[in-house]
K.L.:
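The structure under discussion is supplied below as structure tokens; questions concerning it will follow.
Order of listing sets the numbers, starting from 1, for every ligand and every atom in it. Here the structure is a predicted model, which means the values were calculated and not measured.
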Amino acid sequence: MTASLPPAIQQAITAKPDAFLRLLSEVLAQPADLFVLVDKKHPLPSGFVPPDLVSLNDYPVLVTRKDLKLRRSIMPAVLALTDAAAAAGAPLTFGSSYRSYDYQVTVYENEVKLYGREQADRESARPGLSQHQLGTAMDFSPIADTFADTKQGKWLAAHAWEYGFSLSYPEGYENVTGYKHESWHYRYVTKPGALLQREYFGDIQQYMIEFLDRNRAVLEKELERK
Ligand code: DAL
Ligand code: ZN
């Protein structure tokens, strides 16, 4: 099951197999739709719309625009994250959140117009290929490389996992994720998910989500039997 993972990650798993399986079974008990694999090879259906979108205007959070939405089911975690960041002196502002298939058409085509298709494909997902369509991914403001050096960027890099959030496009992994480093883009993967990613998958979301996608059916059967 671990054969396609980098050797260091295989070792992390095989060094502590019981602890790995315990945490893994906690992750498998979380809603599977929080772990859907969406990348350049795994599109969402164009008609996919999350079932429980809510407006961020109805919550005590900071936004750069009034049309932002996320899934209702993740809002308790979102508020825990934003409250903790604010308490630490790094108040977070949402710059982007759920994006429909049609809106992603606009976002992607704009990038192509501005930078050309080759560059656009390194930083913007084609329609149907964006985590933003899940309603569980978000960009914090400013959406810019400078975000990494802000109080907010540093606080998130150190603490987002404690609240169940993970950086989707880390530095140095473009060949794995398909995208350049985005210090501002986080996806909610639940607390046990973020811990599993950190402890066993080199803190690389792509490795964990691919592993779960590939092995979920078999693992669920195995763990049921135990
Ligand atoms: N910027 C990320 C890759 C997206 O467009 O979903
Ligand atoms: Zn994003």
Side-chain angles (χ1 to χ4, degrees), residues 33-50 53 56 61-65 67-71 74 77-78 81-82 85 92-150 152-153 155-157 160-161 163-189 193-194 197 204-210 213:
D33 60 4
L34 296 174
F35 300 93
V36 170
L37 177 60
V38 187
D39 61 17
K40 286 184 173 173
K41 294 195 188 115
H42 299 87
L44 285 167
S46 61
F48 173 80
V49 179
L53 289 173
L56 293 191
V61 295
L62 304 170
V63 293
T64 57
R65 42 192 288 174
D67 59 353
L68 298 182
K69 294 176 186 170
L70 286 169
R71 290 193 58 185
I74 76 162
V78 168
L81 178 81
T82 53
L92 301 170
T93 302
F94 291 84
S96 187
S97 51
Y98 166 69
R99 298 206 286 254
S100 69
Y101 181 96
D102 288 346
Y103 185 52
Q104 190 69 24
V105 172
T106 310
V107 170
Y108 176 73
E109 288 303 333
N110 266 344
E111 286 277 314
V112 172
K113 267 192 216 128
L114 283 171
Y115 306 113
R117 196 166 296 275
E118 195 178 326
Q119 188 60 20
D121 279 329
R122 296 181 66 197
E123 46 197 41
S124 177
R126 294 187 181 204
L129 305 183
S130 179
Q131 289 189 349
H132 284 283
Q133 198 180 335
L134 293 168
T136 58
M138 62 217 69
D139 295 338
F140 295 100
S141 180
I143 301 173
D145 290 334
T146 51
F147 185 74
D149 297 320
T150 62
Q152 285 78 359
W155 186 86
L156 282 168
W161 69 276
Y163 303 87
F165 293 80
S166 101
L167 185 72
S168 299
Y169 308 116
E171 191 161 18
Y173 285 87
E174 186 175 352
N175 61 338
V176 174
T177 66
Y179 299 102
K180 282 169 59 181
H181 178 212
E182 293 193 357
S183 58
W184 57 87
H185 177 119
Y186 280 79
R187 175 176 176 174
Y188 180 64
V189 295
Q197 173 185 318
I204 302 302
Q205 184 195 107
Q206 183 78 20
Y207 290 146
M208 177 182 73
I209 302 253
E210 275 180 13
D213 179 70

K.L.:
What atoms of ligand 1 come within less than 4.0 Å of a heavy atom belonging to S124?
P.N.:
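Atoms satisfying the 4.0 Å criterion: 5 (O).
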K.L.:
N/O to N/O below 3.5 Å, does that happen between H185 and ligand 1?
P.N.:
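Looking only at distances, the answer is no, because the N/O contact criterion of under 3.5 Å is not met.
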K.L.:
Does the N or O separation between Y179 and ligand 1 drop below 3.5 Å for any pair?
P.N.:
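There is no such contact.
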K.L.:
In terms of the angle between their ring planes, are H185 and H132 parallel, tilted or perpendicular, with boundaries placed at 30° and 60°?
P.N.:
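Plane angle over 60°, so perpendicular.
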K.L.:
How far is atom 6 (O) of ligand 1 from its nearest protein heavy atom, and which residue and atom name does that atom have?
P.N.:
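Checking every protein heavy atom, the shortest distance to atom 6 (O) of ligand 1 gives S130 OG, 2.6 Å.
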K.L.:
How does R99 reach ligand 1, by side chain, by backbone, by both or by neither, if only non-hydrogen atoms under 4.0 Å count?
P.N.:
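It is the side chain that gets close, since no backbone atom is under 4.0 Å.
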K.L.:
Between ligand 1 and Y169, is the shortest N or O to N or O distance under 3.5 Å?
P.N.:
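Not met; the criterion fails.
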K.L.:
Assess Y108 for proximity to ligand 1: is some non-hydrogen atom of it under 4.0 Å away?
P.N.:
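Contact absent.
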K.L.:
Parallel, tilted or perpendicular for F165 and Y188, by the 30°/60° rule?
P.N.:
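Plane angle between 30° and 60°, so tilted.
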K.L.:
Vertex the Zn ion (ligand 2): angle to OD2 of D139 and NE2 of H132, to 10°?
P.N.:
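Between OD2 of D139 and NE2 of H132, the angle at the Zn ion (ligand 2) is about 90°.
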K.L.:
Of the protein's non-hydrogen atoms, which lies at the shortest distance from atom 2 (C) of ligand 1, and what is that distance?
P.N.:
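Result: E182 OE2, 3.6 Å.
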K.L.:
Name the closest protein heavy atom to atom 5 (O) of ligand 1, giving the residue it belongs to and the distance to 0.1 Å.
P.N.:
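The answer is A125 N, 2.9 Å.
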K.L.:
Any idea which atoms of ligand 1 are less than 4.0 Å away from a heavy-atom of Q104?
P.N.:
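Matching atoms, with element in brackets: 5 (O).
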K.L.:
For Q133 and P45, indicate whether the former's side chain and the latter's backbone hold a donor-acceptor pair under 3.5 Å.
P.N.:
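Confirmed, Q133 side chain pairs with P45 backbone.
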K.L.:
With a 4.0 Å cut-off on N to O distance, would you call D139 and R99 a salt bridge?
P.N.:
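Salt bridge: yes.
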K.L.:
Please find the N/O/S atom of H185 nearest to the Zn ion (ligand 2) and write down its name.
P.N.:
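Result for H185 and the Zn ion (ligand 2): ND1.
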